[in-house]
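What follows is a single structure, written as structure tokens, with notes after it.
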Amino acid sequence: MNPAAVPPPPGPSAPPVITIDGPTASGKGTIAQRVAQALGWNYLDSGALYRVTALAALQQEIDLHDEVLLARLAGSLPLRFDGQRILLAGRDVAEAIRAEGVGNAASRIAILAGVRTELLVLQRRFRRAPGLVADGRDMGTVVFPQADLKVFLTASVESRAERRYKQLIEKGFSANLPTLLRDLAERDARDARRAIAPLRPAEGALLLDSTGMSIEQTVTRVLDAYRGLREG
Ligand code: DC
């Protein structure tokens, strides 16, 4: 798609949005889902879109540097979200896209402008009443720059590697902590260094370091910040 054809973000009357950006395994997915649940809003896991595109590319053996083919793939994904299920051509890939190899491939294709432009359009379609909580890397900076509340969630690389290790083991994947730590640090660097939509806090974002915080404490901080904005 021609970037000039990307529709502008909706105006102020559009449903409210809370964005939660942060590095891999910062807990943003869990926090965003809990916040969405508490408010009764829709939830967008934007990383899942990059992961599904990467999985489809790996399945079709597309070269991960081939921007034209990958953008075409991202723009024509036979994708449907159904509760916890993520259906790609009718097959539930919610588990498969969590594999580390798919995450690494997602981080690689995420540097391609053509892919990002296609997924931008898809992501904005999730903004529906009564509201949206969107998590990712560039939700507050690029996809929903007029979000009502922008949160940038971090945690130390060590605690994120430990969280990811536990998640993988629980899901029955094999995992190695030192390798995970190295991969996370490399992925952080790639996500932060890339020229397009690099990982960085949006202007005016609430910065939250969840290293010593429980899930409940973090969710409460976000909800308080949103309610404070509405009351203030
Ligand atoms: O959050 P995650 O680990 O599921 O994301 C997988 C990859 O997708 C991540 O390494 C970078 C990319 N991504 C992105 O570039 N922009 C987003 N909004 C979400 C994910």
Side-chain angles (χ1 to χ4, degrees), residues 6 9 17-33 43-58 64 67 70-71 73-74 77 79 81 84 86 88 93-127 132-145 147 150-155 157 160-161 163-168 171 173 175 180-202 205 210:
V6 175
V17 181
I18 296 176
T19 59
I20 304 188
D21 288 307
T24 302
S26 57
K28 59 189 178 342
T30 307
I31 303 302
Q33 282 184 65
Y43 165 61
L44 166 64
D45 169 4
S46 63
L49 300 180
Y50 287 88
R51 286 173 179 266
V52 171
T53 308
L55 178 68
L58 293 171
L64 298 183
E67 182 166 356
L70 290 166
L73 180 71
L77 289 171
L79 185 62
F81 286 83
Q84 296 292 320
I86 302 173
L88 177 63
V93 296
E95 288 286 316
I97 59 165
R98 298 294 152 203
E100 279 305 288
V102 178
N104 278 322
S107 167
R108 288 177 190 283
I109 63 163
I111 63 171
L112 304 172
V115 170
R116 300 202 74 85
T117 305
E118 292 296 343
L119 294 185
L120 179 69
V121 175
L122 199 55
Q123 291 167 94
R124 287 193 178 148
R125 290 203 196 116
F126 282 79
R127 186 175 194 167
L132 174 69
V133 182
D135 87 57
R137 304 291 192 291
D138 62 341
M139 296 298 98
T141 49
V142 176
V143 182
F144 300 109
K150 302 172 187 183
V151 178
F152 193 79
L153 189 66
T154 54
V157 70
R160 289 189 286 122
R163 282 181 199 167
R164 180 48 57 92
Y165 179 79
K166 282 189 198 144
Q167 281 171 358
L168 288 169
K171 287 183 180 156
F173 289 111
L180 272 178
L181 192 64
R182 197 197 56 218
D183 283 355
L184 271 188
E186 277 176 12
R187 205 185 302 177
D188 281 357
R190 191 158 54 226
D191 291 347
R193 228 178 20 220
R194 68 182 180 218
I196 312 152
L199 174 66
R200 61 174 173 80
S210 70

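Nothing fancy with the numbering, it's 1 onward along the sequence. All ligand and atom numbering here is 1-based and tracks the order in the structure.
The contact set between ligand 1 and M139, taken as ligand atoms under 4.0 Å from a residue heavy atom, comprises 18 (N). Under a 4.0 Å criterion applied to the non-hydrogen atoms of K28, ligand 1 contributes the atoms 1 (O). Near R187, with a cut-off below 4.0 Å to any heavy atom, the atoms of ligand 1 are 3 (O), 10 (O). If you number the atoms of ligand 1 from 1 as listed, the ones under 4.0 Å from a heavy atom of G47 come out as 4 (O), 5 (O), 19 (C), 20 (C).
Protein heavy atom at the shortest distance from atom 9 (C) of ligand 1 is R137 NH2, 3.2 Å. In this structure, atom 7 (C) of ligand 1 lies nearest to the protein heavy atom A106 CB, 3.7 Å. Among all protein heavy atoms, the one lying closest to atom 12 (C) of ligand 1 is A110 CB, 3.7 Å. For atom 4 (O) of ligand 1, the closest heavy atom belonging to the protein is R51 NE, 2.6 Å. For atom 16 (N) of ligand 1, the closest non-hydrogen atom on the protein side is R116 NH2, 3.1 Å. In this structure, the protein non-hydrogen atom closest to atom 19 (C) of ligand 1 is S46 OG, 3.5 Å. Summary of contacts: the protein heavy atom closest to atom 8 (O) of ligand 1 is Y50 CB, 3.4 Å.
When non-hydrogen atoms are compared, ligand 1 lies under 4.0 Å from the side chain of D191 (C-beta onward) but not from its backbone. If you look at R190 next to ligand 1, there are no close heavy atoms at all, none under 4.0 Å. Using a 4.0 Å cut-off between heavy atoms, R194 contacts ligand 1 through its side chain alone, with no backbone atom that close.
For the pairing with K28, the side chain to side chain contact (heavy atoms under 4.5 Å, CB included) check across L153, D45, T154 returns one residue only, L153.
In this structure, a donor-acceptor pair under 3.5 Å is absent between the side chains of S107 and R187. Using modelled atom types and a 3.5 Å distance limit, the side chains of R163 and T30 yield no donor-acceptor pair.
Without hydrogens or angle criteria, E67 side chain to L112 main chain gives no donor-acceptor distance under 3.5 Å. R51 places no side-chain N or O within 3.5 Å of a backbone atom of V102 that could act as its donor or acceptor partner. When atom types are taken as modelled, the side chain of K171 and the backbone of A99 share no donor-acceptor pair closer than 3.5 angstrom.
For A110, the side-chain contact (heavy atoms from CB on, under 4.5 Å) test picks out Y50, R116, R194, with sequence neighbours left out. Listed by chain and number, the residues in a salt bridge (Lys or Arg N to Asp or Glu O under 4.0 Å) with D135 amount to none (sequence neighbours excluded).
For D183 and R164, the salt-bridge test fails: no basic side-chain N is under 4.0 Å from an acidic carboxylate O.
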